[in-house]
Amino acid sequence: MSGPLPYSGSEYWKNYLLRWYGGEETLRQWTRHVRESTYRGQHRTHALDLYAGASPERPVIILVPGSVSYGRLFAYPALLLRELGYNVITFDFEGCGLDRQGLGDYTLEAHVKNLVDVIQRARQEFKGPVVTFGLSFGGMTSYLAAERTPVDVMAWYACVDPSDREFIQTEFSPGKAMPLVVSLFRGLAKLMPKVRVPVKAFLQYSRLSDSADFNDAYGKDPLVGGSCTLRAMVSVMSDYQKSVPFGAARFPFLVMHDRQDRMFPMKYSRKTYEQLGDIPKAYVELAGQGHWPTSPEGMKALIAPLDTFLQGLPLGARAVGT
């Protein structure tokens, strides 16, 4: 890494644009095109940014963060999508990002409700079809939200199903003992819900991308936070339970994964895709981006399949997902 990162605190996210995604010009583009706002969550307001595209009738793409992430980490892909004419929304979940009152304290249920509120806000702000684009666990949060409020299209990058027994018992260190471990922690969370545990206990930053410098910066990001409450950890590990099987999804569905993803193996995305029914769908394998792209070229490669997929859909009527 060439020198210390200049931004700290609530502006730490700007380091990613400055160091990895185009520098000062990208920061100027963000200032020029973003409309900073908020939305009302269950307990307090949270950050929400809007990027107006070519027209209000164009699709609005909601970028949905993963379990340990926040809205402005998606500032660069938001700008790329806006350049393509799409309307874009990024936002913080409760307990994430700019939520300084309860950073690291949340439940999946709160996050699903947050996203339902953001989807409804998208329909108020824009007239076009609503697309959710989730990364990793953010994709599953998107799917659970779509069970409660209509969406027109869903895209999911690193499409892992946290309710999949194989995934839970293979990709987390307790292995087959995972159900017992979760049961133990759930009991502890009822007694001590606010007790803090290090995020590194269940997330290995070294696998986030192929850039050691980026991974190090992410691990120090105060908007991610170094710890979460016991109830948040238990919720992430065990609450992702869908009531509608993937085969019953009625909206167009794009699945993407990178062959070099060291966080989660690509086979899980393929497994989800193969469960989808007779709907407009696509499966795309990327090459060389890792779990999270850390260059402008890599991010453009991530965005391109979504643009191609949306252009091939008849999105004039909002019939799907209703």
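Here, residue 1 is the first one in the sequence, and each next residue gets the next number.
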*Asks:* Tell me whether the NZ or CZ atom of R270 lies within the 45° cone about the ring axis of Y283 and under 6.0 Å from its centre.
*Replies:*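 Judged by the rule, R270 and Y283 form a cation-pi pair.
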
*Asks:* With a 3.5 Å cut-off and no angle check, do the side chains of E25 and Q29 form a donor-acceptor pair?
*Replies:*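 A pair is found: one side chain offers a donor N or O, the other an acceptor, under 3.5 Å apart.
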
*Asks:* Side-chain donor-acceptor pair under 3.5 Å between D161 and Y143, yes or no?
*Replies:*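 There is no such pair between these side chains.
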
*Asks:* First locate atom OH of Y218, then atom OG of S206, and finally report the distance between them rounded to the nearest 0.5 Å.
*Replies:*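 The distance works out to 13.5 Å.
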
*Asks:* Looking only at the side chains, is there a donor atom on one of N215 and S209 sitting less than 3.5 Å from an acceptor on the other?
*Replies:*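 Their side chains do contain a donor-acceptor pair, which is all the 3.5 Å distance test asks for.
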
*Asks:* Determine yes or no for a side-chain-to-main-chain donor-acceptor pair under 3.5 angstrom, with D307 supplying the side chain and A304 the backbone.
*Replies:*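 Looks like no, no N/O pair under 3.5 Å.
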
*Asks:* Distance-only, no hydrogens or angles: does the Y12 side chain make a donor-acceptor pair with backbone N or O of A217 under 3.5 Å?
*Replies:*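 Such a contact is found between Y12 side chain and A217 backbone.
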
*Asks:* Contact between Y21 and P77 at the side-chain level, heavy atoms closer than 4.5 Å - yes or no?
*Replies:*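 Side chain of Y21 against side chain of P77, heavy atoms only: no contact under 4.5 Å found.
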
*Asks:* Mind checking ring-ring contact (aromatic ring centres under 6.0 Å, His included) for F309 and listing every partner two or more places apart, or none if nothing turns up?
*Replies:*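 With neighbours one apart ignored, the set is empty.
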
*Asks:* I'd like to check the salt bridge (Lys or Arg N to Asp or Glu O under 4.0 Å) partners of D117; sequence neighbours left out, ordered by chain and number.
*Replies:*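 For D117, no residue satisfies salt bridge (Lys or Arg N to Asp or Glu O under 4.0 Å) once neighbours in sequence are set aside.
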
*Asks:* Spell out, as yes or no, whether a donor-acceptor pair under 3.5 Å connects the side chain of H33 to the backbone of E83.
*Replies:*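 No; judged by distance alone, with no hydrogens or angles, the pair does not exist.
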
*Asks:* Checking side-chain polar atoms at under 3.5 Å, does W156 have a donor or acceptor matched by the opposite partner on Y273?
*Replies:*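 There is no such pair (donor and acceptor under 3.5 Å, judged by atom type) between the side chains of W156 and Y273.
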
*Asks:* Show every side chain to side chain donor-acceptor pair (under 3.5 Å) that has at least one partner inside residues 87-96, sequence neighbours left out.
*Replies:*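 Side chain to side chain donor-acceptor pair (under 3.5 Å) check on residues 87-96 returns H43-E94.
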
*Asks:* Would H46 and F93 count as a close aromatic pair, with their ring centres under 6.0 Å?
*Replies:*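 That pair fails the under 6.0 Å test.
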
*Asks:* Does the side chain of Y70 come under 3.5 Å of the side chain of D221 through a donor N or O and an acceptor N or O?
*Replies:*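 There is such a pair between these side chains.
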
*Asks:* Following the transitive rule for hydrophobic clusters with a side-chain heavy-atom cut-off under 4.5 Å over Ile, Leu, Val, Met, Phe, Trp and Tyr, establish whether F137 and L103 coincide in one cluster.
*Replies:*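 Per the 4.5 Å side-chain linkage, F137 and L103 are not co-clustered.
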
